[in-house]
Amino acid sequence: MASPNALTSQSEDFPRWYQDVVAKAEMADNGPVRGTMVIRPYGYALWERIQAEMDARIKLAGAQNAYFPLFIPQEYFAREAEHVEGFSPELAVVTYAGGEELSEPVVVRPTSETVIGEFMAKWIQSHRDLPLLLNQWANVVRWELRPRLFLRSSEFLWQEGHTAHVSYEDAAAYAMRIHLEVYNDLLANVMAVPAYVGIKPPRERFAGAINSLTCEGMMRDGKALQMTTSHELGQNFARAFNIVYQNEAGQSELCYTTSWGASTRLVGGLIMAHGDDRGLVVPPRMAPIQAVIVAVRDDAEVLETCASLDAALRAAGVATTIDRGRGSFGRRITDWEIKGVPLRVEVGPRDLANGVVTVVRRDDGSKHTASLDQLAPRALELLEAMQQSLFENARIRRDAATADVTTVDEAIEAAQTGFARIAWDRIGEDGETRLNDLAVSVRCIQRADGTTPTSPDEPDLVAIVAKAY
RNA sequence: CGGGAAGUAGCGCAGCUUGGUUAGCGCGCCUGGUUUGGGACCAGGAGGCCGCGGGUUCAAAUCCCGCCUUCCCGACCA
């Protein structure tokens with residue numbers, strides 16, 4: 001009775017499994033130019049859910065959306081030394097346009113600190129103009145040598161926030177607020193990803209930042225994925241772009257700026273954080289389709305019941321779709337499982353004879369019976385239970401795959417299958433180099449209680465060490 | 001960008017070593033019928049610049065050169 005596998009199993013070949021899921025769940029295709037990505041409707045719907053949840057949180061944090069140009073004068077990048085050094089290897093530069101060689105080449109934005117800095121300088125005059133809290137939804141280009149759908153593409157979609165503040169403390173507090181209230185909240189409560197939160201070790205910082213905050217998720221193969229980053233830029237960009245304000249005493253002062261971003265990589269993280277051998281598993285709060293109503297047979301009475309159940313679920317706020325009974329039952333539900341739809345409501349003659357339907361949870365395969373008039377409340381319960389359970393199980397997996405160790409060698413050993421937690425001061429520059437030589441890195445540094453420190457120099461910090469995507 | 005592997009129908013592959021009819025197979029797709037509670041079956045059918053460009057040859061999917069793309073492993077990154 002066992003059906004042939006639709007997908008390569010995770011244990012057999014995890015990268016292959018990932019590609020199979022992306023293709024068979026109809027999420028994305030490779031574009032014609034190396035490293036580019038075509039996002040298909042189902043993949044884009046997942047991104048739109050992330051956007052909607054993220055945008056609401058960003059606005060709650062007080063930032064406003066704006067839009068800056070795709071093309072940036074190359075000269076802007078030269079103004080901040082570390083920034084230009086960090087980004088030049090992956091820049092796409094337009095040198096020829098309008099039928100002729102350009103006198104000054106323009107860069108296709110890999111990130112927008114520079115243009116936005118230029119305009120912040122123009123818009124900010126007084127301390128009364130601060131803080132200036134901006135965000136933009138945009139595409140960016142970073143020429144990638146080793147692309148992978150969603151995880152690393154030469155063009156990707158993201159949001160990038162850019163803010164300016166009167167003081168270091170204000171800027172640092174805002175970066176922390178975004179890190180926790182926007183990013184980690186979205187990861188935990190919507191995407192059901194229990195991230196390790198913390199700061200990047202100095203060598204992993206964003207080019208031009210004085211401190212980078214990160215949320216690191218654990219994928220089901222035990223590797224880490226940096227899911228979001230928030231940067232304290234100090235006065236580096238304010239100095240390069242002359243972002244100054246007059247304080248209450250009438251003196252000119254440099255602003256402190258921040259930037260923070262999250263990209264379509266999150267869709268890849270979602271796939272790898274929850275997916276199983278049957279395909280994607282989408283947390284209910286993330287799901288473009290939360291319940292699929294499957295007509296076991298293509299027959300009038302069944303279809304009529306499907307339509308009324310669909311109406312009832314929609315009225316209760318559940319996103320639904322109906323699978324009319326064409327094609328074999330097994331094939332149809334396999335396809336819905338690959339797409340990770342949280343609930344499957346099976347409607348067949350046997351159910352109708354008893355006045356019930358069968359509801360199946362995607363995450364654990366458990367089957368439940370609901371009477372026809374109680375489906376909506378039952379579905380809401382099951383969706384909520386699944387949401388909680390996905391987070392809880394991911395947390396258990398993460399904790400089980402995180403080893404407490406005391407030496408760099410043990411950390412390297414643990415990183416072969418999962419994460420290692422080790423005192424930050426036990427690593428040192430040489431230790432970090434040894435890790436890096438073996439494709440292992442310090443993913444983040446946190447306090448002993450798991451909270452995010454303000455600097456890598458705080459005492460008694462611990463490092464989370466792993467291999468990463 | 002360095003090392004390895006591979007590009008033949010939408011997907012997965014055979015054919016290439018030893019050049020020679022009309023380039024095959026499975027899945028998927030289309031039509032009709034029977035089906036439908038875990039990837040259904042029968043019959044009929046459509047679909048190919050054999051990755052691209054050049055070369056060798058009477059003749060190239062097959063041999064040679066260049067390029068592009070994909071996958072794996074490294075260095076870089078959201």
Side-chain angles (χ1 to χ4, degrees), chain A residues 1-8 13-16 18-20 23-24 26 29-36 85-91 110-111 138-160 183 200 203-207 212 214-217 224-231 259-269 278-279 294-299 302 323-338 344-354 356-358 360 365 367 436-441 467-469:
Chain A
M1 197 56 97
S3 55
N5 285 338
L7 306 167
T8 306
D13 185 342
F14 196 84
R16 183 72 185 269
Y18 178 83
Q19 289 169 233
D20 283 357
K24 296 200 174 175
E26 301 178 322
D29 269 332
N30 283 307
V33 173
R34 179 182 170 78
T36 60
E85 191 190 337
F87 276 104
S88 18
E90 35 187 1
L91 288 184
T111 180
N139 59 337
V140 285
V141 168
R142 298 180 185 179
W143 216 251
E144 283 296 343
L145 305 174
R146 194 178 162 191
R148 256 179 136 219
L149 288 173
F150 289 115
L151 299 174
R152 207 186 299 102
S153 48
S154 287
E155 179 192 3
F156 58 89
L157 307 181
W158 76 347
Q159 68 55 226
E160 50 177 323
Y183 293 151
K200 283 292 180 188
R203 70 170 71 178
E204 305 274 344
R205 271 179 201 145
F206 176 75
S212 290
T214 180
C215 293
E216 297 283 328
L225 180 72
Q226 177 176 314
M227 301 191 79
T228 69
T229 49
S230 317
H231 313 291
S259 68
W260 25 281
S263 72
T264 36
R265 169 179 280 187
L266 288 178
V267 176
R278 290 167 180 250
V294 179
V296 173
R297 284 163 199 268
D298 185 6
D299 107 6
V302 166
D323 179 348
R324 295 169 198 289
R326 302 203 183 99
S328 80
F329 179 78
R331 176 51 187 263
R332 289 183 289 136
I333 64 177
T334 303
D335 286 344
W336 291 115
E337 283 178 341
I338 290 173
R344 179 171 80 241
V345 179
E346 299 177 1
V347 184
R350 229 152 62 200
D351 300 296
L352 295 189
N354 297 319
V356 299
V357 289
T358 304
V360 184
K367 295 194 173 185
N436 293 170
D437 287 346
L438 293 167
V440 175
S441 54
K467 289 191 170 187
Y469 278 94

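It should be emphasised that the depicted structure is a prediction, and the values quoted were computed from it without experimental measurement. Labels below follow one simple rule: chain letters A, B, ... track the order of the sequence lines, proteins then strands, and each chain is numbered from 1.
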* Should A:Lys200 and A:Glu216 count as an ion pair when the cut-off is N to O under 4.0 Å? -> yes

* Calculate, to the nearest 0.5 Å, the distance between atoms OH and OG1 belonging to A:Tyr183 and A:Thr214 respectively. => 11.0 Å

* Please determine if a side-chain N or O atom of A:Ser328 lies less than 4.0 Å away from the OP1 or OP2 oxygen of B:rU36. => no

Name the pairing partner of [N], where a pair is Watson-Crick or G-U wobble with both distances under 3.5 Å, or state none.
{"N": "B:rC52", "result": "B:rG66"}
{"N": "B:rU35", "result": "none"}
{"N": "B:rG10", "result": "B:rC27"}

* **Verdict with supporting geometry, A:Leu438 and A:Lys467, side-chain contact (heavy atoms from CB on, under 4.5 Å)** => CA-CA 9 Å; A:Leu438 293 167; A:Lys467 289 191 170 187; over 6 Å; no

Can you tell me how far [atom1] in [N] sits from the matching atom in [M], rounded to whole Å?
{"N": "B:rG4", "M": "B:rA40", "atom1": "P", "result": "44 Å"}
{"N": "B:rG66", "M": "B:rU21", "atom1": "P", "result": "29 Å"}
{"N": "B:rG44", "M": "B:rG26", "atom1": "P", "result": "13 Å"}
{"N": "B:rC25", "M": "B:rG37", "atom1": "P", "result": "30 Å"}

* Within 45° cone of A:Tyr18 ring axis and under 6.0 Å: A:Arg148 NZ or CZ -> yes

For atom [atom1] of [X] and atom [atom2] of [N], their distance in whole Å:
{"X": "A:Glu26", "N": "B:rG28", "atom1": "CD", "atom2": "P", "value": "15 Å"}
{"X": "A:Arg34", "N": "B:rC71", "atom1": "CZ", "atom2": "C1'", "value": "10 Å"}
{"X": "A:Phe329", "N": "B:rU35", "atom1": "CZ", "atom2": "P", "value": "19 Å"}
{"X": "A:Arg326", "N": "B:rG37", "atom1": "CZ", "atom2": "C1'", "value": "19 Å"}
{"X": "A:Asp323", "N": "B:rU36", "atom1": "CG", "atom2": "C1'", "value": "12 Å"}
{"X": "A:Asp20", "N": "B:rU70", "atom1": "CG", "atom2": "P", "value": "17 Å"}
{"X": "A:Trp336", "N": "B:rU36", "atom1": "CH2", "atom2": "P", "value": "22 Å"}

Give one of base, sugar-phosphate or nothing for [X], where a contact means two heavy atoms less than 4.0 Å apart.
{"X": "A:Arg278", "answer": "base"}
{"X": "A:Thr358", "answer": "base"}
{"X": "A:Gly35", "answer": "sugar-phosphate"}

* Structure fact -> Contact string for nucleotides 72-78 of chain B, one letter per nucleotide 5' to 3', B = base within protein heavy-atom range under 4.0 Å, S = sugar-phosphate only, - = neither, reads SBBB-BB

* Return yes if some donor-acceptor pair links the side-chain N/O of A:Tyr469 with the main-chain N/O of A:Gln226 below 3.5 Å, else return no. => no

* Would you kindly compare A:Asn30 and A:Arg297 by the position of their nearest RNA chain B nucleotide and give the one closer to the 5′ end? => A:Arg297

* Asked: Given the rule in the side-chain contact (heavy atoms from CB on, under 4.5 Å) test, do A:Phe329 and A:Arg297 qualify, once you have shown the distances and angles that lead to the verdict?
  -> CA-CA 8 Å; A:Phe329 179 78; A:Arg297 284 163 199 268; over 6 Å; no

* Flag side-chain contact, heavy atom, 4.5 Å: A:Glu155 against A:Val33 -> no

* Any A:Arg265 side-chain heavy atom under 4.5 Å of A:Met227 side chain -> no

